[in-house]
Structure formats: structure tokens, C-alpha cells
Amino acid sequence: MRRGGPLLSSLPSRSPRASCSRREFMPFATIAELSKYDGQTLTLRGWLYNRRSSGKIQFLQVRDGSGIVQAVLVLKEVGEEMFRRVEAIPQESSITVTGSVRADARSPGGYELGASDVQLVAAAQPYPIALQAHGVGFLMEQRHLWLRSRKPHATLRVRAEVVRAVRDFLDGRGFVLVDAPILTPAACEGTTTLFGLDYFDEGKAFLSQSGQLYMEAGAMAFGKVYCFGPTFRAEKSKTRRHLTEFWMVEPEIAYGTLDDVMSLAEEFISFIVQRVLERRKEELKILERDTKPLEKIQPPFPKLSYDDAVKILNETRAAQNPPIPPFGGGDFGAPDETTLSLRHEKPVMVHRYPISVKAFYMKRDPAAPDKALCVDVLAPEGVGEIIGGGQREDDLALLEGRIAEHQLPKEAFEWYLDLRRYGSVPHAGFGLGIERTVAWICGTEHVRECIPFPRMMYRIYP
RNA sequence: UGCGGGGUCAUCUCAACCGGUAGGAUGCCUGAUUGUUAAUCAGGUCGUGCGGGUUCGAGUCCCGCCCCCGCAGCCA
């Protein structure tokens, strides 16, 4: 590391020395840990978020990524030259601020910095994002800058906490991370549209739409596994629940049954929600999220068979004015899912859908051969399905039949069939969509705000 | 892909009545202000998506295109 420059001569931020008055010994600290340094003098490195000026006193809102703090600059304390110089610094310029930390009830956040020195690192050009009144279209064009604003910042911190909770939960329960490939030779399920690309002399390759089949191989090797990564769907969906690139975590358990993964799913979701409530209170407050509904998210969740769900939907439809015709079978539409989820405070688990609407690898229910041993978890408050999963077909002959029925190229699935040829066992798993989970927890209308750089049908910039 | 709703300054869930000088707010610039909380106050700056058509005259009416938003299907 080089020496000399004020930015590079940092001491470890954890060992502030308040008694030092010479600048080269000033410690750097982050705003998040400011309250630990009450009464001490230190230097913050960040950006000018906003300024309110009153002629002889300036209030600088300084952000450094960990938080926002107000620095107070008084004319008679810092002198005319510095005061005027700081007054000319544009919004979002990078700056360092040296000053003493003090508690002050008048300051947003409770603490403020009595500034003794402000250094400009790089002046910003006129910043496109004002502190209020912008449309989502404009903000998405500026997504790379919008990340600095309060709401996206809070949402993405919740996302990071969700991801950490996902890993902590699964790692803590003996699941082994076995990442699935993103470049795949063929469709996993054959239904959804895939993004294709040329793969050298091997012909077409595709971006993965699910790591599940690979997780089944992983489960036969490690017992309990999961993968966590991006997933790609080339569907032309333009709704607030869809992205063309989204993140999914997919646990898979050897010797696991539908009941096992249903229990796992409700504990998993509860763990994630409680973890966010515990560690990201400030962020949920910034997002104005009512946390009361989230506090109730604890096992057990309400469970509903597909047949019972159909009865409820038909009752609801008949009660409408004018009545809507009864449900015709098949998969539920988005309004149906909303009807079901609005009946409960917790996520609702709908199990045993007709085998005809589910993927080829789903296992039939021995008690009802037209039903699959599968489960969808519908989040409350209208976010829709956050989990889809179930028990996999473990019988070689039945699976071969399903592949034929779905008119899938058998050669592509030989490796997958091998898992049934060499010591097949019952196994089950599910996929949890990260952005929908974050949208639900944050109370965000659209999933596009729950990923740093959303990819949608009509947006691939920035 | 289908259906619906929209494109007015750099920005805005904004205004412009029957076709007649495009108005406001925010930002930005200048000035004032010693405790601001999206600070406030005064002044200034900036605009009708593209291509045709009707008309004395088009933001407004007609035709085509482009773009955006929402919903649906599909899914997480």
C-alpha cells in the first residue's frame, strides 16, 4: 500500500485515538458505528447526499454506504474560505469530513459531526436524481446511481440479509453447497422458453432455468444439498412479479418426502423473515413496512390440498356479482393465487396439484394417481408464489414414461436417468425465489426493485 | 403474444376548457438567512416522442411508426 495521501494513510477504524489532534493520526470510521465514538474526533469518507444552508451555518448530509449522518459546519468556526468552498460542493461529490462526534436530538439519527474540515475528493457533475419526485422509468435508467438513494439502499440491504439467512439456515442444517451449472445442454423442464447461445462445436447451449436436476445428482452424492444462483427465463412476461434473470435457492434432500420439504419450507421462510426483522429494523422502517404481519410468520403454515383450494375458489367465484364460472381445472392463475393467499396471514401451502400441469419429474401421489406430490407456497399480501417444489419421481420406468409423454429428448436425460439406475431413493426439494421473497418482506410493489440491476423483457440497461 | 392506459422542460401519479401567446412544482444558476430536517424566501433558466395529413393556425383532430406502464398467459 502506498503512503502519504490522506485517503490511503488510514489507521484501522476500530482503534480511534481521540486525543490525537494531528490530521495524520485521525482514524477513519463508518457512519454505522459512529455512536461508539461519541465525543471523539474522526474522519468520514463518503459523498455529499444533501446540503441545507443557512448563510452562516451549513448542514451537510453525508453518506458513506453504511448510513447517513449530518455534519454541521459553522462559519465562525471554520472560517470564510472553507465555508464558501464547501458551499460550492455539488450534491453527490465525494468528500472527506473531519469533526467531533456528538449526540444531538435535533440531528436526524441522533448523532452529528461538528465539522472542522471538509475535503473535496472529486466534484460531481449536476446529479440527475433529485431527492424527490421521480418516476420508476427514469430511475431505472439511472439504476447505477439510484442505488445510492435511501429506498433502494434499504431494499438491497434487506436482500443481502435474506441471502445471508438462506445460507446460514441451510449451512447450519448440514446442507452442502453444490452449485449447479449456468450453461446447460438442454431444457430442464421443456416448458419455459430458454435463452440460447452457440457453444463452440457442441451446438446450442442454454442459460439455466433451474439447478434442480443437478441438485438431484448432488443429493445422491452428499445427502442434503443446495444451490444458489441466477436463473434465466426468456418468457415474455411483463408483470410486477417477473424478471428474466432472477436468483433462486434450491435445496434437495435424499430420502426426503413431500412432507419433509413442506416442513423444511415453512421453517426456512420463518427463519428468513425473523432474521430480517431482527437485523434489518432500520431498513424496514425506511421502507415504511408494517412489521406486524411479518412477526406472525412462524410454523406451522396453513396447508391446503389442490382439491380443497378449487372448492374455495369456486365458492368465491359463485359469490361474485356477477358470478364467475367455476374453475375448470388445471393450474391456478394469478388472481386465484391472490384469492387463496388473502385468506391467510401466513404463507399458504397448496399441495398435490394435478400431475398434468406439473413438470415431468414430479412423483405421482400413490393415494391419488392423477395428483403430484408437489407443493407451491403462496406469499401473503399478493406477491404470489415464492416456492415451488415437491417429491421427485424415483422409479426408472415411470420417469422414462414421463419423458416420453412430455416429448423430451431422452438422450439429454441419460445422466439424470442414471440417478435412478444406480441406487435410486425417494427424494424431494424446492426452489425459493429471492426477489419475490424480498418484495414480500419489504412490501415492495415490483420485484425489479429487489435486485440491484433488473433484467426484464424491455430493460437490459444499465 | 393479446387486452388496456400513456408519451408536454433535466425531473413530476402535474396543468393547458370548443383547435388560437404552453402554466405550475422540483432540480439547476444568482442573492438573502446561525439549527436546517425533501429547510425557507426572492429573481432567473429550460419543453410538446418520430413521420405524414387536415387547417389561416395543431400539445389538442386524422393515419402510420417508435417508446413506456399495467394486466393476462407462463412461472419463482
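Throughout, a chain's letter reflects where its sequence line sits, starting with A, and its residues are numbered from 1.
A salt bridge does not link A:D307 with A:R352: none of the charged nitrogens is closer than 4.0 Å to a carboxylate oxygen. Using a cut-off of 4.0 Å between Lys/Arg side-chain N and Asp/Glu carboxylate O, A:K303 and A:E266 are scored as salt-bridged. Under a 4.0 Å N-O distance rule, the pair A:K358/A:D376 qualifies as a salt bridge. A salt bridge links A:E435 and A:R159; the closest N-O separation between the charged side-chain nitrogens and carboxylate oxygens is under 4.0 Å.
The side-chain heavy atoms of A:M362 and A:Q391, taken from C-beta on, include no pair separated by under 4.5 Å.
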Could you go through nucleotides 64-66 of chain B and list every protein N or O atom that sits under 3.5 Å from one of its N or O atoms, giving the distance for each pair?
none

All N/O pairs under 3.5 Å across the protein-nucleotides 33-35 of chain B interface:
{"unit_1": "B:U34", "atom_1": "OP2", "unit_2": "A:S54", "atom_2": "O", "d": "3.4"}
{"unit_1": "B:G35", "atom_1": "N1", "unit_2": "A:E112", "atom_2": "OE2", "d": "3.0"}
{"unit_1": "B:G35", "atom_1": "N2", "unit_2": "A:Q70", "atom_2": "NE2", "d": "3.4"}
{"unit_1": "B:G35", "atom_1": "N2", "unit_2": "A:E112", "atom_2": "OE1", "d": "2.7"}

Protein-nucleotides 42-45 of chain B N/O pairs closer than 3.5 Å?
none

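Here side-chain hydrogen bond (donor to acceptor under 3.5 Å, both in side chains) pairs that include residues 78-92 of chain A, with residues two or more places apart or in two chains, are A:S53-A:E87, A:R63-A:E92, A:E80-A:R84, A:E81-A:R85, A:R84-A:E87, A:E92-A:R148. Applying the side-chain hydrogen bond (donor to acceptor under 3.5 Å, both in side chains) test to residues at least two apart or on different chains, the pairs with a partner in residues 328-345 of chain A are A:K296-A:E345, A:R317-A:D336.
The salt bridge (Lys or Arg N to Asp or Glu O under 4.0 Å) test applied to A:R279 returns A:E161, not counting sequence neighbours. Residues that satisfy the side chain to side chain donor-acceptor pair (under 3.5 Å) test with A:K236, not counting sequence neighbours, are absent from this structure. Residues meeting the ring-ring contact (aromatic ring centres under 6.0 Å, His included) test with A:F222, sequence neighbours left out: none. Annotation: side chain to side chain donor-acceptor pair (under 3.5 Å) contacts of A:D38 (sequence neighbours excluded): none.
Taking atom C1' on both B:G4 and B:G73, the two are 16 Å apart, rounded to the nearest angstrom.
In this model, the phosphate group of B:G70 is not approached by any side-chain N or O of A:R241 to a distance below 4.0 Å at OP1 or OP2. Not one side-chain nitrogen or oxygen of A:H446 sits closer than 4.0 Å to the OP1 or OP2 atom of B:C69. Within the 4.0 Å cut-off from OP1 or OP2 of B:C69, at least one side-chain nitrogen or oxygen of A:R459 is found. For B:U36, neither phosphate oxygen OP1 nor OP2 lies less than 4.0 angstrom from any side-chain nitrogen or oxygen of A:R51.
Closest contact between the side chain of A:F138 and the listed nucleotides B:A76, B:C75, B:A10 involves B:A10.
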Exercise. Which dot-bracket notation, 5' to 3', represents the base pairing of RNA chain B when pairs are defined as Watson-Crick or G-U with both distances under 3.5 Å, crossing pairs as [ ], and inter-strand pairs as |?
Worked result: (((((((..(((.(.....[..))))((((((.......))))))...(((((..]....))))))))))))....

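The closest donor-acceptor contact from the side chain of A:D365 to the backbone of A:K371 lies at 3.5 Å or more, if one exists at all. Looking at A:T239, its side chain does come within 3.5 Å of a backbone N or O of A:R241 through a donor-acceptor pair.
For the pair A:K346 and A:F301, the NZ or CZ position fails the cation-pi test of under 6.0 Å to the six-membered ring centre and within 45 degrees of the ring normal.
Within residues 146-159 of chain A, no residue is approached by RNA chain B to less than 4.0 Å at the level of any non-hydrogen atom. Listed in residue order, the members of residues 301-310 of chain A having a heavy atom less than 4.0 Å from RNA chain B come to none.
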